[in-house]
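Structure record follows, encoded as structure tokens.
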Amino acid sequence: MSKIDSILKLEDEVAIIEAIGTLIWEKKEETQDFSALTDEEKVFVFIDIFEGAMGHGGFEFFFNSESGNFVEEIITSYLEVKAPKTAELIANAVKSFPGTFTTDLAERVALIEKADEEIISGWEDLDEMFFNDETEEDIVALIVDYIKANESQFGQ
């Protein structure tokens with residue numbers, strides 16, 4: 001039985017996510033980028049990056065950190081796991097970005113520093129929607145389903 005098989009036999013979905021995450025992040029550490037990962041593992045990582053940034057400070061933190069460099073990959077990843085409402089929520093946050101959104105962190109930070117209160121307040125509203133599950137998508141269950149559907153692509 002492979003590591004992935006034994007992990008997927010766990011009953012607690014959060015435990016599955018944490019165990020898979022540990023395997024993937026260990027694999028990722030072998031390189032400076034994501035080149036060691038399968039496309040399916042990258043989907044997991046991009047969602048993990050976003051969820052972590054949101055937990056640290058919502059959209060303002062996300063956009064003010066390196067996590068924001070991966071916004072397109074993150075949106076695509078949520079679509080991959082069948083979470084279109086969450087993808088749309090992120091896209092709406094990007095649409096309200098002050099000026100043209102850029103993947104350059106220094107440029108993003110400079111634009112955010114000039115943002116008016118209406119933009120920041122709008123992001124806070126989107127934060128609230130994200131954290132209050134107003135998208136009505138069970139991301140944990142969707143990720144576990146995605147891992148199960150693509151089991152052979154994880155932990156190689």
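Start at 1 with the first residue, then count along the sequence.
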* Does the pair Val43 and Val81 meet the rule for a side chain to side chain contact (heavy atoms under 4.5 Å, CB included), with working shown? -> CA-CA 8 Å; Val43 164; Val81 300; 3.7 Å; yes

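Scanning all heavy atoms of the two residues, the minimum distance from Ala93 to Trp123 falls at O-NE1, 3.2 Å. Nearest heavy atoms, Leu79 versus Pro84: CD2-CA, 3.8 Å. Of all non-hydrogen atoms in Gly58 and Asp127, the two that sit nearest each other are CA-OD1, 3.5 Å.
For the side chain to side chain contact (heavy atoms under 4.5 Å, CB included) with Lys148, the qualifying choice from Leu8, Ile143, Ile4 is Leu8, the only one to do so.
Using a 4.5 Å cut-off on side-chain heavy atoms (C-beta onward), Phe59 and Ile90 make contact. Contact annotation: the side chain of Phe44 never approaches that of Tyr146 to less than 4.5 Å [non-hydrogen atoms, C-beta and beyond]. Residues Ile120 and Glu60 have side chains in contact (heavy-atom distance under 4.5 Å, counting atoms from C-beta outward). Taking 4.5 Å as the limit, some side-chain heavy atom of Val45 sits within range of a side-chain heavy atom of Trp25. Looking at heavy atoms from C-beta onward, Phe97 lies out of side-chain contact with Ile119 at the 4.5 angstrom threshold. A 4.5 Å side-chain heavy-atom check between Phe63 and Phe101 finds at least one atom pair inside the cut-off. Annotation: side chain of Phe154 is in contact with side chain of Ile24 (closest heavy-atom distance under 4.5 Å). Residues Glu13 and Ile147 are not in side-chain contact: their nearest non-hydrogen atoms beyond the backbone lie 4.5 Å or more apart.
Within 6.0 Å of the CD atom in Glu124, the count of heavy atoms belonging to other residues, nucleotides or ligands exceeds 12. Residue Glu118 qualifies as open at atom CD: its count of foreign heavy atoms under 6.0 Å is 12 or below.
In this structure, Ser121 contributes its side chain and Glu117 its backbone to no donor-acceptor pair below 3.5 Å.
Evaluation of the side chain to side chain donor-acceptor pair (under 3.5 Å) test over residues 69-78, restricted to residues two or more places apart or in two chains, returns Glu51-Tyr78, Asn69-Arg108.
We find the CG-CD distance between Leu37 and Gln153 to be 12.0 Å, quoted to the nearest 0.5 Å. Rounding to the nearest 0.5 Å places CG of Leu89 at 5.0 Å from CG of Leu126. A distance of 14.0 Å separates CG in Asn64 from NE2 in His56, rounded to the nearest 0.5 Å. Of the inter-residue distances, the one linking Phe62 atom CZ with Met54 atom CE reads 8.5 Å to the nearest 0.5 angstrom. Expressed to the nearest 0.5 Å, how far NZ of Lys85 lies from CE of Met129 amounts to 10.0 Å. Rounding to the nearest 0.5 Å gives a distance of 10.5 Å between CG of Asn150 and CD of Glu41.
Hydrophobic clustering, with ILVMFWY side chains joined whenever heavy atoms are under 4.5 angstrom apart, keeps Leu105 apart from Ile75. By the rule that hydrophobic residues join a cluster once side-chain heavy atoms approach within less than 4.5 Å of another member, Phe61 and Ile74 end up as members of separate clusters.
For Glu137, the side chain to side chain donor-acceptor pair (under 3.5 Å) partners at least two apart in sequence or on another chain are Thr86.
Relative orientation of the Phe130 and Phe50 rings is perpendicular, given thresholds of 30° and 60° on the angle between their planes.
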